[in-house]
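In what follows, chains carry the letters A, B, and so on, assigned in the order in which the sequence lines appear, proteins first and then strands, with residues in each chain numbered from 1.
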Protein chains: 2
Amino acid sequence: MQRKATALDVAKRAGVSRSAVSLVLNGRGDGNVAKESQDRIRQAAADLNYSPNAIALSLRNQRSRVIGIVSDEVVVSPFDGNIIGGADDVARAHGFVTVVMDTELDASRDESAVETLLDRQVDGLMYVTVGLKPLDVPHGMLRVPSVLANCYDNSPTPQLHHVIPDEVSGGREATGHLLQLGHREVAFLAGAATSPAVPLRVEGHRMALAEASIPVREDRIIMAGWDIDDGFHGAMKMLDGVSPAERPTAIACANDRLAVGVALAAARLGLSVPRDLSIMGYDDEFRIAATMVPALTTMALPLRDMGAAAMSMLLEQIENPGSSTVEGHPGLETMVPCRLVVRESTGPVPSR
Amino acid sequence: MQRKATALDVAKRAGVSRSAVSLVLNGRGDGNVAKESQDRIRQAAADLNYSPNAIALSLRNQRSRVIGIVSDEVVVSPFDGNIIGGADDVARAHGFVTVVMDTELDASRDESAVETLLDRQVDGLMYVTVGLKPLDVPHGMLRVPSVLANCYDNSPTPQLHHVIPDEVSGGREATGHLLQLGHREVAFLAGAATSPAVPLRVEGHRMALAEASIPVREDRIIMAGWDIDDGFHGAMKMLDGVSPAERPTAIACANDRLAVGVALAAARLGLSVPRDLSIMGYDDEFRIAATMVPALTTMALPLRDMGAAAMSMLLEQIENPGSSTVEGHPGLETMVPCRLVVRESTGPVPSR
DNA sequence: TTGAAAGCGATACCAT
DNA sequence: ATGGTATCGCTTTCAA
């Protein structure tokens, strides 16, 4: 646990001044420092296993090459961690590191997390949520370049850019896939009504139906919730004791867990998937959708892309302040398309 | 985006020196600074919304009150995030903040993540993994107080303390629960053979059987994998086309996803759970176990407790260096017990 | 009771 | 080509 070597240690060992060490190690040795001194300095640095103290650097440079990521519950929840993964990829490619703080859904911790990060000189801030949602932007985020991922500025005059999935298209293409397979009786098992994603996905569903000139049956759009049991009970309501002619031939779900519940209900009722019933998920949740039996056809949320897009915008603002393309366009929105993933839970409409 | 107020700004506004500001704001004003000056200083600080620059503080004090958490994939994966949640709770209660860096399973990033954190003067380090596993401890972790959560030092001479779940007892009590319900034909669907948790849980399973004087049928202990389809296929192998007399009456799974697969298989075979078959999960995975239909009886992994225990040990080392209870006991192990959660997927053994 | 000055580690400017 | 020095923001010691 001995102290780390400092630039002064390197200088002493090489028999030069601190300034020389600084110049050489930062690539501006040529033309300023004698060749042999340069070699001695580099050797000494290697010998001492020297790396500059990032704290001192931050203080001196007034920037840290650190991006702070605040999340509502991305770390502790099982969802959406790939937004952070995608963001981190981009940050590292640009020589930045990310540090994450999770507030575990306690909004009162938002401001303090942001202040903590700000006090540590982060060069930029990103707020990431689990699931699309409006956000009361912590004040501190306006003091440095900042961006929102999977959430959007809830104020009347949005200041921050945000990156969100294109939920309307997602819903539309999900139902579109079912329609293309010949289904006409398509139900939609939506999530909890409190989520802003739900009306968007439902809107997409309605659009797809309208485009195919299929009248919407309101009793086939059910606000179920987000979990396995919600899917199970929603499906039982639509399938159990209902004559085959009256049953939907396909059920589109607002997430993969609902789809698991629907599959469970179908199995219990002796319905084969996809022969008797097609099931669509949403999210392409890791180690759920692909490993279900049968594997779920689903609408993949572009999590990594969203994280990457958000981080790119943020770094653009940081590295080209003023000249940025986003400059002067507060509250701009980037929508990232969802991606249809066809697996085995959907198939042609059963013949009657 | 204007500059933040510094102690000098406060001093000017209050008409005193920086030292006075420092003393007063750190609670050592009494006996050193005049009462009125103190009031003026506090007022000025409030007016300017002053908070000390954490970077400068770290540089000056050589400590940061930051704990760095490195994880293999806790952030991006859906698992084990609560270890970090539990650790963060304890850290915050002690006035520390945690920052998380995820290496996304790229072991070559371990060292650099640790170095990055070290360069930023973290006061301590914690490594957290998804699932129990041996770890090649990054060298840098030996330079500051450090602790391991859900993983253990893989070297012949372990240096670091670690906190892990008591998997043997977990496996034993899971099977014990089934035995208590009268089951004698109990199968164990284990995870991937590569996980160190698997032999431990299997060992527990064998212990429970032995204690009940039930001979172990090796064909009823299956290394299946960790996912839904693994559970499904494992269950089909044991149940499909097998006469009721030859079937296990209960299946203990090494995680909840396997249990989902088993439930799917049971439903497809027309078996009612728990009437015809009892199913146990393991992990108590958030929004899987409790929301399954039927809700899963499972062995809850004590994630938050593990995080809290690990952080407590770490802070103990940091705050009481030398006098610590763990001092001089390198490689000490803390085992946290798993907790049986009885829900609806297990029931009395069916009468034959 | 107060303020001046040193030092934490690094960089950049400016003499030499 | 080289080294001395100010600076970033803060705390602490010491002298007045």
Task: Charged N-O contact under 4.0 Å between A:D88 and A:R92 - done: yes

- [ ] Could you check how far CD of A:E36 sits from C1' of D:dT2, rounded to whole Å?
- [x] 14 Å

Task: 5′-ward residue of the pair B:L59/B:G31 relative to DNA chain C - done: B:G31

Open item on the list: If I take atom CZ in residue B:R120 and atom P in nucleotide C:dA10, what distance separates them, rounded to the nearest angstrom?
Closed with: 13 Å

Open item on the list: Please report the distance, rounded to the nearest Å, between CG in B:L57 and P in D:dC8.
Closed with: 17 Å

Task: Touch class at under 4.0 angstrom, heavy-atom based, for A:A20 against every strand present - done: nothing

Task: Selected nucleotide, minimal atom distance to A:N32 side chain, candidates D:dT2, C:dA10, D:dT12 - done: D:dT2

Task: B:R18 vs D:dT12: side-chain N/O to OP1/OP2 distance below 4.0 Å - done: no

TODO: Name the closest nucleotide to the A:R60 side chain, picking from D:dT7, D:dT12, D:dT2.
DONE: D:dT7

Open item on the list: If you compare every side-chain N and O of A:Q62 against the phosphate oxygens of C:dT11 (OP1, OP2), does one of them come in below 4.0 Å?
Closed with: no

Open item on the list: Rounded to whole Å, please give me the gap between CG in B:L8 and C1' in C:dA5.
Closed with: 14 Å

- [ ] Look at the side-chain N and O atoms of A:N26 and state whether any lies under 4.0 Å from the OP1 or OP2 oxygen of C:dT11.
- [x] yes

Task: Inter-residue atom distance A:R18.CZ - A:T6.OG1, 0.5 Å rounding - done: 7.5 Å

Open item on the list: Side chain of B:V16 only, heavy atoms from C-beta on: which candidate in D:dT2, C:dG3, C:dT11 is closest?
Closed with: C:dG3

Open item on the list: Can you measure A:R28 atom CZ to D:dA1 atom P for me and round it to whole angstrom units?
Closed with: 15 Å

- [ ] Take atom CD of B:Q121 and atom C1' of D:dC8, then tell me their distance rounded to the nearest Å.
- [x] 15 Å

Open item on the list: Nearest whole Å is fine: how far is C:dT2 C1' from B:Q38 CD?
Closed with: 13 Å

- [ ] Would you indicate, yes or no, if D:dT2 has its OP1 or OP2 atom less than 4.0 angstrom from a side-chain nitrogen or oxygen of A:S37?
- [x] yes

- [ ] Take atom CG of A:L23 and atom P of C:dC14, then tell me their distance rounded to the nearest Å.
- [x] 14 Å

Task: B:I164 side chain reached by B:M335 side chain, heavy atoms, under 4.5 Å - done: yes

- [ ] With rounding to the nearest 0.5 Å, note down the distance linking OG in A:S22 to CG in A:N32.
- [x] 10.5 Å

TODO: Compare the minimum distances between each of C:dT2, C:dA10, D:dG4 and the side chain of A:S19, then state the nucleotide with the smallest one.
DONE: D:dG4

Open item on the list: Considering every strand and a 4.0 Å limit on heavy-atom distances, what is the contact class for A:R63: base, sugar-phosphate, or nothing?
Closed with: nothing

TODO: For residues A:M141 and A:V70, determine if any side-chain heavy atom of one lies less than 4.5 Å from a side-chain heavy atom of the other.
DONE: no

TODO: With DNA chain C as reference, determine whether A:A56 or B:K35 sits nearer its 5' end, using the nearest nucleotide of each.
DONE: B:K35

- [ ] Mind checking A:V21 for me? I need base, sugar-phosphate or nothing, with any heavy atom below 4.0 Å counting as a touch.
- [x] nothing

Open item on the list: What I want to check is whether an N or O donor and acceptor connect the side chain of A:T6 with the base of C:dA10 at under 3.5 Å.
Closed with: no

Task: A:R120-B:S58 side chain donor-acceptor pair, cut-off 3.5 Å - done: yes

